[in-house]
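Numbers here simply count residues along the sequence, with the first being 1.
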Amino acid sequence: MFKKLGAVVLLLALVAAGCAKKADVAGSESALRAADEEWAKTGRTADGFAAFFTADGVLMPPNQPSITGLDNIRAFAQQLMELPGFALTWQPSHAEVAQSGELGFTTGTFTMSMQGANGTMSDTGKYLTVWKKDATGAWKVVYDTFNSNTPLVAPSAPVDSSATPSK
């Protein structure tokens, strides 16, 4: 009797596993790449940029603390976009989605420029963005980070003031 019950339970488990919802990973990756491309088009205003983040999303720019929450991200984006000659473009090169279909990430490259004291300053770099589907099925940014391809300038060696010059 217990052998028959065990066999029935095993059969039901196999049927349930076969019927379990499987995410369309390839379709989700295509949709995720499209979301990143749309963000690159519409993210040229502070509101458009922030609109792609979750309410508790985190922006992690280089050389400064993380920025958390829509209002703070929007304020940061507004501050950047008000700089003279500011321009930012990015292009996703890779999108990958977890088997669950609920989380994914994109990577790509960016170009940023603005007017500085010595003329136009420009930079290129790469980014990594973690996305999550919201309740409506839309992809939203949970974490976004980027950094420059420009090497850091080595600090100059400190001068030893105790040394006396030789004659």
Side-chain angles (χ1 to χ4, degrees), residues 16-155:
C19 295
K21 179 184 168 195
K22 299 223 181 208
D24 173 14
V25 173
S28 293
E29 286 174 353
S30 179
L32 180 54
R33 180 185 284 269
D36 199 346
E37 289 170 348
E38 182 65 21
W39 187 28
K41 289 179 195 170
T42 62
R44 295 187 178 155
T45 67
D47 287 336
F49 184 80
F52 279 80
F53 281 85
T54 60
D56 59 348
V58 179
L59 178 63
M60 297 182 287
N63 307 314
Q64 56 188 308
S66 296
I67 301 162
T68 302
L70 286 176
D71 290 339
N72 295 328
I73 291 168
R74 184 179 298 108
F76 175 81
Q78 186 66 45
Q79 201 173 26
L80 274 182
M81 293 175 184
E82 288 176 354
L83 294 172
F86 179 81
L88 171 65
T89 60
W90 70 90
Q91 179 63 45
S93 58
H94 182 76
E96 194 167 321
V97 173
Q99 289 296 315
S100 69
E102 300 301 313
L103 285 173
F105 69 88
T106 55
T107 62
T109 57
F110 72 86
T111 302
M112 182 170 41
S113 62
M114 65 191 80
Q115 287 301 119
N118 297 324
T120 301
M121 301 177 347
S122 62
D123 193 16
T124 60
K126 62 269 181 205
Y127 69 90
L128 170 66
T129 304
V130 178
W131 300 75
K132 178 172 126 178
K133 279 191 179 175
D134 70 6
T136 69
W139 286 105
K140 293 291 187 172
V141 176
V142 181
Y143 292 97
D144 183 49
T145 188
F146 57 98
N147 57 62
S148 175
N149 289 339
T150 304
L152 290 175
V153 176

Participant: Just to verify, what does Ser148 make a side-chain hydrogen bond (donor to acceptor under 3.5 Å, both in side chains) with, not counting sequence neighbours?
Facilitator: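 Only Asp123, Thr150 meet the side-chain hydrogen bond (donor to acceptor under 3.5 Å, both in side chains) criterion with Ser148.
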
Participant: Who are the side-chain hydrogen bond (donor to acceptor under 3.5 Å, both in side chains) partners of Asn118, not counting sequence neighbours?
Facilitator: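 Applying side-chain hydrogen bond (donor to acceptor under 3.5 Å, both in side chains) to Asn118 gives none.
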
Participant: What's the shortest heavy-atom distance between Ile73 and Gly57, and which atoms?
Facilitator: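 Taking every non-hydrogen atom into account, CD1-O, 3.5 Å.
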
Participant: Using only atom types and a distance under 3.5 Å, with no angle test, would you say the side chain of Lys140 pairs donor to acceptor with the backbone of Ala51?
Facilitator: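 Looks like yes, one N/O pair under 3.5 Å.
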
Participant: Please report the shortest heavy-atom distance between Ala35 and Phe52, naming the atom on each side.
Facilitator: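 The pair with the smallest heavy-atom distance is O-CE2, 3.7 Å.
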
Participant: Taking distance alone, no hydrogens or angles, what donor-acceptor pairs closer than 3.5 Å link side-chain atoms of residues 78-94 to residues at least two apart or in another chain?
Facilitator:
| residue | atom | partner | partner atom | Å |
| --- | --- | --- | --- | --- |
| Gln78 | NE2 | Glu82 | OE2 | 2.9 |
| Trp90 | NE1 | Asp36 | OD1 | 2.9 |
| Ser93 | OG | Thr107 | O | 3.3 |
| His94 | NE2 | Glu96 | OE1 | 3.0 |

Participant: Quickly, which of Trp39, Trp139, Tyr143 forms a ring-ring contact (aromatic ring centres under 6.0 Å, His included) with Phe53? Name it, please.
Facilitator: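 Between Phe53 and the candidates, ring-ring contact (aromatic ring centres under 6.0 Å, His included) is satisfied uniquely by Trp39.
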
Participant: With sequence neighbours excluded, tell me which residues meet side-chain hydrogen bond (donor to acceptor under 3.5 Å, both in side chains) with Trp131.
Facilitator: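 side-chain hydrogen bond (donor to acceptor under 3.5 Å, both in side chains) check on Trp131 returns Thr106.
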
Participant: Looking only at atom types and distance, does a side-chain atom of Asp24 sit under 3.5 Å from a main-chain N or O of Ser28, one as donor and one as acceptor?
Facilitator: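 A pair under 3.5 Å: no.
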
Participant: Minimum heavy-atom separation for Asn149 and Lys126, please, with both atom names.
Facilitator: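 Asn149 and Lys126 have their closest heavy atoms at OD1-NZ, 3.0 Å.
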
Participant: Does atom NZ (Lys132) have a neighbourhood of more than 12 heavy atoms from anything else shown, all under 6.0 Å?
Facilitator: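 No, because the 6.0 Å sphere around NZ of Lys132 holds 12 heavy atoms or fewer from other groups.
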
Participant: Sequence neighbours excluded and cut-off under 3.5 Å, please list the side-chain donor-acceptor pairs for residues 59-70, or say none.
Facilitator:
none

Participant: Once salt bridge (charged side-chain N to carboxylate O under 4.0 Å, His left out) is applied, do any residues pair with Asp47, and if so which ones, sequence neighbours excluded?
Facilitator: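 With sequence neighbours excluded, Asp47 shows a salt bridge (charged side-chain N to carboxylate O under 4.0 Å, His left out) to Arg74, given in chain and number order.
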
Participant: To the closest 0.5 Å, what do you measure between CG (Leu128) and CZ (Phe105)?
Facilitator: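 The CG atom of Leu128 sits 7.0 Å away from the CZ atom of Phe105.
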
